[in-house]
Amino acid sequence: MSAAEAVRVAVSVAASHGVTCADPVVLKTGSNVLVHLSPAPVVARIAARTALVRPSVEDHFARDLSVSSFLAGRGVPVVTPSAELPAGPHAVDGFVLSFSTYVPHEHGARLPREDVLKLLPDLHAELRHYEGPLPTRGPLDDVDNVLAHLDGLGVPDLDRFRTWRDCASAQWTEHHNDVQPLHGDAHPANLLLTPSGPVWNDFEDTWLGPVAWDMACSADEGAAQRAVEIYGGGAAPSDVEFHVETRRMFSTLWGVLTQWT
């Protein structure tokens with residue numbers, strides 16, 4: 001799927017609901033395509049690689065809208081579902097897409113990882129009140145799905161990832177502590193820097209898992225103890241270290257997917 005096709009579908013769906021886009025601006029491509037439907041204050045999210053490896057990608061998009069709407073109702077600064085048209089998710093012409101509110105922000109700017117860790121406890125406190133259904137295996141489901149997809153493409157040399165997956169699965173329960181609803185991908189790129197302060201974005205990967213997972217999203221490799229100190233407790237450094245390694249290996253696996261799709 002090309003970004004141009006994604007833009008075309010997003011503009012068409014928006015127009016069918018009375019939202020006119022004269023100057024679409026692609027904000028991001030990769031796992032998903034994000035496009036600002038300028039001049040409307042609307043951002044379309046169109047599943048790209050995620051659609052290849054997530055049979056339930058529509059559920060992920062619905063979860064993003066549900067969690068962000070819930071948090072906004074509790075006063076958390078988040079990117080909200082669009083009020084300009086039905087937020088979705090929509091399934092159109094083989095594409096899955098949703099619509100959120102465009103939030104003016106400093107493109108490409110990132111909070112330091114330490115500052116993200118400082119913001120996480122307040123976010124987690126609010127997420128604990130979320131009662132919607134959530135997956136319980138989180139990244140393990142993605143790993144299984146990516147490996148199955150790559151197998152189907154005939155990609156060679158996947159044994160090291162299978163070995164790692166099996167090892168991580170065997171140790172998973174040991175490090176599955178302090179479980180609650182998570183952001184799921186709480187790294188600096190998912191905090192938009194706006195004139196009024198940081199705004200959380202992208203709850204597509206929210207799952208019911210260990211707090212250490214979210215810490216690992218913004219922990220420097222080899223600095224698990226420091227991450228726990230900045231956060232203010234909440235998890236054992238050994239758990240954070242385990243999930244930092246899990247994320248590193250999954251990132252490498254996702255890189256293989258990127259090369260082959």
Side-chain angles (χ1 to χ4, degrees), residues 1 28-33 45-64 67 89 96 120 127 133-190 202-222 224 227 235-261:
M1 182 199 74
K28 182 182 177 183
T29 61
S31 302
N32 300 309
V33 175
R45 175 189 298 262
I46 307 99
R49 290 192 183 93
T50 54
L52 299 176
V53 297
R54 287 179 171 173
S56 60
V57 69
E58 198 167 338
D59 292 340
H60 283 265
F61 276 34
R63 192 174 305 121
D64 171 47
V67 174
V96 173
L120 267 178
L127 281 169
L134 294 174
T136 57
R137 295 181 82 248
L140 289 184
D141 286 335
D142 274 349
V143 170
D144 287 344
N145 290 336
V146 171
L147 282 172
H149 183 75
L150 293 176
D151 271 332
L153 296 178
V155 177
D157 302 324
L158 293 176
D159 284 347
R160 64 185 176 118
F161 293 109
R162 295 189 189 95
T163 299
W164 158 72
R165 186 267 316 274
D166 293 345
C167 181
S169 297
Q171 299 178 58
W172 193 254
T173 300
E174 177 185 348
H175 298 286
H176 199 70
N177 304 307
D178 308 299
V179 172
Q180 70 151 79
L182 305 175
H183 179 287
D185 199 18
H187 58 74
N190 280 332
D202 190 4
F203 289 87
E204 181 183 344
D205 292 342
T206 292
W207 63 294
L208 193 65
V211 169
W213 174 264
D214 268 1
M215 289 191 205
C217 295
S218 287
D220 290 319
E221 195 164 352
S238 59
D239 291 344
V240 177
E241 288 175 359
F242 173 80
H243 291 297
V244 167
E245 175 64 12
T246 301
R247 284 184 60 84
R248 186 183 69 80
M249 289 297 294
F250 183 59
S251 176
T252 304
L253 179 60
W254 193 268
V256 176
L257 176 69
T258 301
Q259 293 170 12
W260 282 79
T261 56

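Values in this document were obtained by computation on a predicted structure and should not be read as measured data.
Remark: Arg162 engages Asp151, Asp159 in a salt bridge (charged side-chain N to carboxylate O under 4.0 Å, His left out) (not counting sequence neighbours). Here Gln180 pairs with Arg128 under the side chain to side chain donor-acceptor pair (under 3.5 Å) rule; sequence neighbours left out. For Thr261, the side chain to side chain donor-acceptor pair (under 3.5 Å) partners two or more places apart in sequence, or in a different chain, are Arg49. Taking the side chain to side chain donor-acceptor pair (under 3.5 Å) definition, one finds that Asn177 meets it with Asp239, sequence neighbours left out. For Ala189, the side-chain contact (heavy atoms from CB on, under 4.5 Å) partners two or more places apart in sequence, or in a different chain, are Arg110, His187. A search for side-chain contact (heavy atoms from CB on, under 4.5 Å) contacts involving Val179 returns His176, Leu208, not counting sequence neighbours. By the side-chain contact (heavy atoms from CB on, under 4.5 Å) test, Ala186 pairs with Leu120, His183, Trp200, Asp214, Cys217, sequence neighbours left out. In terms of the side-chain contact (heavy atoms from CB on, under 4.5 Å) criterion, residue partners of Ser31 (sequence neighbours excluded) are, by chain and number, Thr50, Trp254.
For the atom pair CG of Leu140 and CG of Asn145, the computed distance is 11.0 Å after rounding to the nearest 0.5 Å. A distance of 8.0 Å separates NE2 in His175 from OG1 in Thr246, rounded to the nearest 0.5 Å. The structure places CG of Leu147 at 11.5 Å from NE2 of His149, a figure rounded to the nearest 0.5 Å. One finds the CG atom of Asp144 at 6.5 Å from the OG atom of Ser169 (value rounded to the nearest 0.5 Å).
Without hydrogens or angle criteria, Trp207 side chain to Leu182 main chain gives no donor-acceptor distance under 3.5 Å.
Here the closest heavy-atom approach between residue Ala235 and residue Met215 is recorded as CB-CE, 3.7 Å. In terms of heavy-atom proximity, Trp213 sits nearest to Gly184 at NE1-O, 3.0 Å. Listed here is the closest heavy atom pair of Ala47 and Phe61: N-CZ, 3.6 Å. Nearest heavy atom pair, residue Ala224 against residue Pro237, reads CB-O, 3.4 Å. Closest of all the heavy-atom pairs between Ala168 and Phe242 is O-CZ, 3.7 Å.
Annotation: salt bridge (charged side-chain N to carboxylate O under 4.0 Å, His left out) contacts involving residues 50-62, sequence neighbours excluded, comprise Arg54-Asp142, Arg54-Glu204, Arg54-Asp205. The salt bridge (charged side-chain N to carboxylate O under 4.0 Å, His left out) contacts involving residues 248-261 comprise Glu221-Arg248, Glu245-Arg248, where partners must be two or more places apart or lie in separate chains. Sorted by first and then second residue, the salt bridge (charged side-chain N to carboxylate O under 4.0 Å, His left out) pairs with a member in residues 172-187 read Asp185-Arg247; sequence neighbours excluded.
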- Audit row: Arg45, Asp202, side-chain contact (heavy atoms from CB on, under 4.5 Å) steps and yes/no: CA-CA 10 Å; Arg45 175 189 298 262; Asp202 190 4; 3.4 Å; yes

- Message: Could you go through Phe161 and Leu150, starting from their C-alpha distance and side-chain angles, then the distance that decides it, and tell me whether this counts as side-chain contact (heavy atoms from CB on, under 4.5 Å)?
- Response: CA-CA 11 Å; Phe161 293 109; Leu150 293 176; over 6 Å; no

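Side-chain contact check for Asn32 versus His60: every heavy-atom pair is 4.5 Å or farther apart. Proximity of Phe203 to Pro181: side-chain heavy atoms (C-beta onward) are nowhere separated by under 4.5 Å.
Counting non-hydrogen atoms of neighbouring residues, nucleotides and ligands closer than 6.0 angstrom, the CG atom of Asp157 reaches no more than 12 such neighbours.
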